[in-house]
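A quick write-up on the structure given underneath.
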Protein chains: 2
Amino acid sequence: MCRSKGLRITGPRRIIISVISEMADYPDIVELHRRIQAVNRRISLSTVYRNLRQLVEAGMVIRHTFEHGRSRYELAGRLHHDHLVDHKTGKLIEFHSPELETLLDNLAAQHGYKVVGHRLQVYVEASTAADPQD
Amino acid sequence: MCRSKGLRITGPRRIIISVISEMADYPDIVELHRRIQAVNRRISLSTVYRNLRQLVEAGMVIRHTFEHGRSRYELAGRLHHDHLVDHKTGKLIEFHSPELETLLDNLAAQHGYKVVGHRLQVYVEASTAADPQD
DNA sequence: TTGCGTGCAAATCCTTTGCAGTCCA
DNA sequence: TGGACTGCAAAGGATTTGCACGCAA
C-alpha cells in the first residue's frame, strides 16, 4: 500500500502503520506517540505527525477535530458512523443511524441540495436513574 | 445584563458588546477585533478574547470550532440551528429540524445518555435536475 | 479604597517546518 | 548514490496568562 503511494517503507513508518492499523479507539497524537514509542523509543513526535498527515491524505486514517485541543484519529474504511461524546469523560460512543441519514437527505433536498458528507458530534452526559428534571 | 453577572461596565466592554450584538454573521476573533478597533483603536486582542470568553460563558455568544484555524463566533439567543455547507462555494444555509433533535435525543437515550448539545455540519452540493446517478 | 479590567508581552498548546544527518530503493 | 525520511529544535498560529497600572463601584 505504501509502495502504491510512492512511500518508502522505513523502520519508523512500519511501526507507525502497525500501531495505527491496530487502533480500535480514537487516540490523539500524544497517545499514539506513546504507543509507538513503546515499540521504538527513538521515534519522534514530528515523524508521527508527518506520517499521520500522509495516511490521512492516503485515506487510511480519518482526522477528527472535536472541540479545541488535540485532534483525534480513527482508522478509516469502516462503516460510516457518528459519535456521542461524553463531555465529562471524553469517551466516544459510535452509532449509525440510517434514519439520520435519510433525514439529512430530505433536509438537503428541501433546500435544493444533495448531501455529500457530514460531521456530527452529539455531546452527552450520563443520564442516571436519579434525574428529577427532564 | 452585565451587572447581573457581576461584570463591570467598562469602556472597552461597552464597545465589545455593542459590536457583538450587531453581528449577523460568523466572524472570527481577528475580524471582531478589527470591527472593535474601528470604534476604539486602543482595545487589545487579549481584551476581546477575555470578554468573548465571558460572553460565551454567559450564554450570549456561541463559539463555533469548525475545521482548524480560528474559532468563529455567533450571537446566541436565536433559534437553535445547524448548517448545510455548500462545499463548492463555502456558503452556509441555516436550518432547524425538531425531528433531528428528537432523533438525537432518542439515540442518546438508547445508550443511556442525554444530549447536552451537538455540532452538525452537512456538506452538500447543488442537486440540479440533471442527475443520472443516485 | 478595592479589586476587577486592561494592555502588553510572554507563555502555552498544538502543529508544522528548516536543517543536517540517515538510510531505503 | 539520490532523494525521501527522520530527529531535533525552532517557528507558527491560536489562545491564555502574569504583571503592573487604571478605573468602576
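Throughout, protein chains are lettered first and strands after them, A, B, ... in sequence-line order, and every chain is numbered starting at 1. Note: hydrogens, waters and symmetry copies are ignored here, and every other heavy atom, side chains too, is used.
A close approach under 4.0 Å does not occur between any side-chain nitrogen or oxygen of R42(B) and OP1 or OP2 of dG7(C). Using a 4.0 Å cut-off, no side-chain N or O of S46(B) falls inside it from OP1 or OP2 of dT15(D).
Using a cut-off of 4.0 Å between Lys/Arg side-chain N and Asp/Glu carboxylate O, D28(A) and R70(A) are scored as salt-bridged. Salt bridge status for R35(B) with D25(B): present, with a side-chain N to carboxylate O gap under 4.0 Å.
As judged by a 4.0 angstrom heavy-atom cut-off over every strand, R41(A) is placed among residues making no nucleic acid contact. Nucleic acid contact for T10(A): sugar-phosphate only, since backbone atoms but no base atoms lie under 4.0 Å from a heavy atom of the residue. At a threshold of 4.0 angstrom between heavy atoms, the contacts of R50(B) include nucleobase atoms, whether or not backbone atoms are also involved.
A straight line from CD of Q54(B) to P of dT16(D) spans 12 Å, rounded to a whole angstrom. Here dA9(C) presents its C1' atom at 13 Å from CG of L45(B), a figure rounded to the nearest Å. Regarding R14(B), its CZ atom lies at a distance of 13 Å from the C1' atom of dA25(D), rounded to whole Å. In this entry the distance linking CG of N51(B) with P of dC4(C) reads 15 Å, nearest Å. In this structure, CZ of R53(B) is placed 15 Å from P of dT6(C), rounded to the nearest angstrom. Between the CD1 atom of I16(B) and the C1' atom of dG7(C) there is a distance of 12 Å, rounded to whole Å. Distance, L32(B) CG to dT15(D) C1': 15 Å, rounded to whole Å.
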Next on the checklist: Applying side chain to side chain donor-acceptor pair (under 3.5 Å) to H96(A) and D82(A), what does each step give before you reach the verdict?
Outcome noted: CA-CA 6 Å; H96(A) 171 68; D82(A) 296 296; over 6 Å; no
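Take the nearest nucleotide of DNA chain C for T47(B) and for G11(A): the residue whose nucleotide is more 5' is T47(B).
Here the side chain of Y49(A) is nearest to one of dT15(C), dT15(D), dT6(C), namely dT15(C). Among the nucleotides dC8(D), dT16(C), dC14(C), the one closest to any side-chain atom of R70(A) is dC14(C).
Under 3.5 Å, the side chains of Y26(A) and E94(A) contain a donor-acceptor pair of N or O atoms.
Aromatic rings from H118(B) and H80(B) are positioned such that their centres are separated by under 6.0 Å.
Checked by distance alone, R8(B) brings a side-chain donor or acceptor within 3.5 Å of a matching partner on the base of dC4(C).
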